[in-house]
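Okay, structure first, notes after.
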Amino acid sequence: MPKKIIVTGATGLIGKEVLPYLSDKGYEVYPISSHNQDDKSFHWLKCDLFDEVALKNVFSSIRPEFLINFAWITGGDYLTNPINYKYKDAGLNLLKIFKENGGKRAIYAGTCFEYDLNHSLINEKDKINPKTIYANCKNELNQNCKKYAIENKLSFGWGRIFYVFGHGEKSSRLTAGIINALKNNAEFNLSSPNNFLDYMYTKDIARAFVTFLESSYEGDLNICSGKGIFLKDYALKIQKILGKSGLIKYDEEKTAILDFIGDNTKLKSLGFIQEYDIDSALLEILKD
């Protein structure tokens with residue numbers, strides 16, 4: 001029998017990358033989108049996460065054993081937007097509907113911003129101290145889902161994603177902003193060049209989530225590279241690949257706001273091996 005899985009947030013930066021990896025692992029993939037999709041590679045379902053009746057109809061029809069939930073607000077004022085509260089409530093409701101229709105194992109996407117951002121090499125046991133509506137809602141959803149999963153004998157995992165770059169980013173994101181400016185021979189000003197951050201390519205993040213799903217591990221898991229890069233060096237890599245020079249502008253003496261790297265020891269213990277480094281990932285993005 002095929003392993004049925006529903007994926008929410010399946011058109012997003014990471015969600016779209018996880019679908020082929022799941023298919024390669026033998027899953028019957030049912031991505032959910034609020035809009036019609038032309039892609040015939042998977043069993044796309046049109047459904048709004050906030051429409052409880054529609055969700056119940058979808059899950060009672062498919063009865064998946066597995067669930068990955070990436071659905072959340074991204075971009076714009078996502079850190080402070082009150083819609084975060086709706087996603088928090090919808091996420092728990094989604095888990096309940098999944099369980100009520102035969103669900104066995106669910107993996108949800110969290111954020112590194114749930115942690116106390118005051119030191120580097122963060123591991124899963126470090127202090128939680130969310131400081132935005134976004135991070136607080138993610139953390140509360142994690143706690144609510146864990147409680148429900150324990151009470152209802154459901155396997156549940158929470159993957160905390162660190163910094164992300166990939167194909168098809170919104171122009172407001174750092175990587176796309178740099179690429180767009182440089183391709184137009186425009187200067188790009190880095191406001192925090194000495195921030196030292198843990199960036200991971202979306203394809204590796206997607207593979208990490210599939211590894212997490214396929215394991216028996218429950219609880220929190222850092223989805224990260226375990227390595228840091230200064231933002232100025234990251235931007236200069238893009239500039240070099242594009243064959244540009246002198247367009248990345250920054251104040252060398254600017255004090256870093258963040259020095260924030262994740263410890264991925266636990267992720268690697270599940271058998272995950274990172275396929276891309278930053279250079280090879282940027283080359284793949286920029287060849288399109």
Side-chain angles (χ1 to χ4, degrees), residues 12-15 17-18 21-22 25 68 70 72 74 107-131 134-135 138-139 142 156-167 169 173-175 178 190 192-238 240-241 256-285:
L13 199 58
I14 300 168
E17 302 289 6
V18 84
Y21 289 120
L22 289 169
K25 289 288 187 177
I68 296 181
F70 289 116
W72 208 275
T74 59
I107 304 295
Y108 275 38
T111 173
C112 64
F113 293 113
E114 296 168 56
Y115 289 118
D116 195 358
L117 308 183
N118 65 355
H119 67 97
S120 196
L121 207 61
I122 298 284
N123 70 48
E124 290 84 355
K125 293 183 179 180
D126 276 326
K127 183 180 178 181
I128 298 298
N129 185 22
K131 294 177 180 174
Y134 166 74
K138 285 277 192 177
N139 180 58
N142 182 22
F156 180 77
W158 185 262
R160 291 199 180 104
I161 302 168
F162 281 61
Y163 288 81
V164 180
F165 68 107
H167 289 273
E169 289 190 15
R173 293 178 62 88
L174 177 67
T175 304
I178 295 171
L190 278 174
S192 302
N194 292 310
N195 279 4
F196 193 61
L197 304 176
D198 189 329
Y199 269 90
M200 195 175 192
Y201 187 34
T202 49
K203 288 189 177 181
D204 273 327
I205 294 173
R207 289 177 52 253
F209 269 93
V210 175
T211 299
F212 192 4
L213 176 75
E214 295 242 285
S215 75
S216 59
Y217 179 75
E218 298 180 8
D220 304 330
L221 184 70
N222 285 345
I223 308 294
C224 61
S225 72
K227 300 175 182 178
I229 185 169
F230 290 106
L231 287 188
K232 60 187 177 185
D233 293 335
Y234 181 72
L236 290 172
K237 282 179 181 290
I238 298 173
K240 182 178 179 180
I241 293 171
I257 300 171
L258 285 174
D259 177 1
F260 193 52
I261 315 302
D263 182 343
N264 67 353
T265 302
K266 194 167 288 186
L267 173 62
K268 290 190 291 186
S269 76
L270 302 182
F272 175 75
I273 299 173
Q274 191 167 331
E275 183 176 342
Y276 295 86
D277 59 17
I278 288 178
D279 293 271
S280 60
L282 287 172
L283 280 169
E284 185 168 286
I285 292 169

message: With a 6.0 Å cut-off on the ring centroids, do Phe260 and Phe162 count as close?
response: yes
Closest heavy-atom pair and its distance - [X], [Y]:
{"X": "Asn195", "Y": "Leu258", "answer": "OD1-N, 3.0 Å"}
{"X": "Ile223", "Y": "Met200", "answer": "C-SD, 4.1 Å"}
{"X": "Ala135", "Y": "Thr111", "answer": "CA-CG2, 4.4 Å"}
{"X": "Val164", "Y": "Tyr199", "answer": "O-CE2, 3.7 Å"}
{"X": "Ser192", "Y": "Ile257", "answer": "OG-CD1, 3.4 Å"}

Euclidean distance, [Y] [atom2] relative to [X] [atom1], rounded to 0.5 Å:
{"X": "Thr211", "Y": "Lys25", "atom1": "OG1", "atom2": "NZ", "answer": "6.5 Å"}
{"X": "Ile107", "Y": "Glu218", "atom1": "CD1", "atom2": "CD", "answer": "8.5 Å"}
{"X": "Leu13", "Y": "His167", "atom1": "CG", "atom2": "NE2", "answer": "10.0 Å"}
{"X": "Asn139", "Y": "Asn129", "atom1": "CG", "atom2": "CG", "answer": "9.5 Å"}

field: Ring geometry between Phe70 and Phe209 (parallel below 30°, tilted from 30 to 60°, perpendicular above 60°)
entry: perpendicular
- prompt: In terms of heavy-atom contacts, does NZ of Lys240 have more than 12 from other residues, nucleotides or ligands at under 6.0 Å?
  reply: no
task: Applying side chain to side chain contact (heavy atoms under 4.5 Å, CB included), run through Arg160 and Tyr115 and close with a yes or a no.
output: CA-CA 9 Å; Arg160 291 199 180 104; Tyr115 289 118; 3.1 Å; yes
Show which side-chain atoms of residues 226-235 pair as donor or acceptor with protein atoms under 3.5 Å away, not counting sequence neighbours.
| unit_1 | atom_1 | unit_2 | atom_2 | d |
| --- | --- | --- | --- | --- |
| Lys232 | NZ | Asn194 | OD1 | 2.9 |
| Lys232 | NZ | Glu252 | OE2 | 2.4 |
| Tyr234 | OH | Thr175 | OG1 | 2.6 |

query: Any luck finding a side-chain donor-acceptor pair between Trp158 and Glu124 under 3.5 Å?
result: no
Within the 4.5 Å heavy-atom criterion, are [X] and [Y] side-chain neighbours or not?
{"X": "Leu213", "Y": "Ile68", "result": "yes"}
{"X": "Tyr163", "Y": "Cys112", "result": "yes"}
{"X": "Gln274", "Y": "Ser225", "result": "yes"}
{"X": "Asn264", "Y": "Leu221", "result": "no"}
{"X": "Ile128", "Y": "Asp116", "result": "no"}
{"X": "Trp72", "Y": "Lys138", "result": "yes"}
{"X": "Asn142", "Y": "Phe156", "result": "yes"}

Strictly distance-based, threshold 3.5 Å: is any side-chain N or O of [X] a donor or acceptor partner for the main-chain N or O of [Y]?
{"X": "Asp126", "Y": "Asn123", "answer": "yes"}
{"X": "Asp198", "Y": "Gly262", "answer": "yes"}
{"X": "Glu169", "Y": "Gly166", "answer": "yes"}

message: Let's go through Glu284 and Tyr201 carefully: what are the C-alpha distance in whole Å and the side-chain angles of both, what is the deciding distance for side chain to side chain contact (heavy atoms under 4.5 Å, CB included) to 0.1 Å, and is it a yes or a no?
response: CA-CA 10 Å; Glu284 185 168 286; Tyr201 187 34; 2.7 Å; yes
task: For Ile161 and Asn222, run side chain to side chain contact (heavy atoms under 4.5 Å, CB included): C-alpha distance rounded to whole Å, both residues' side-chain angles, the deciding distance at 0.1 Å, then the answer.
output: CA-CA 6 Å; Ile161 302 168; Asn222 285 345; over 6 Å; no
- request: Test Tyr276 against Leu282 for side chain to side chain contact (heavy atoms under 4.5 Å, CB included), laying out the working first.
  value: CA-CA 9 Å; Tyr276 295 86; Leu282 287 172; over 6 Å; no
statement: Residue pairs passing the salt bridge (Lys or Arg N to Asp or Glu O under 4.0 Å) test with at least one member in residues 262-282, sequence neighbours excluded, are Arg207-Glu275, Lys237-Asp279
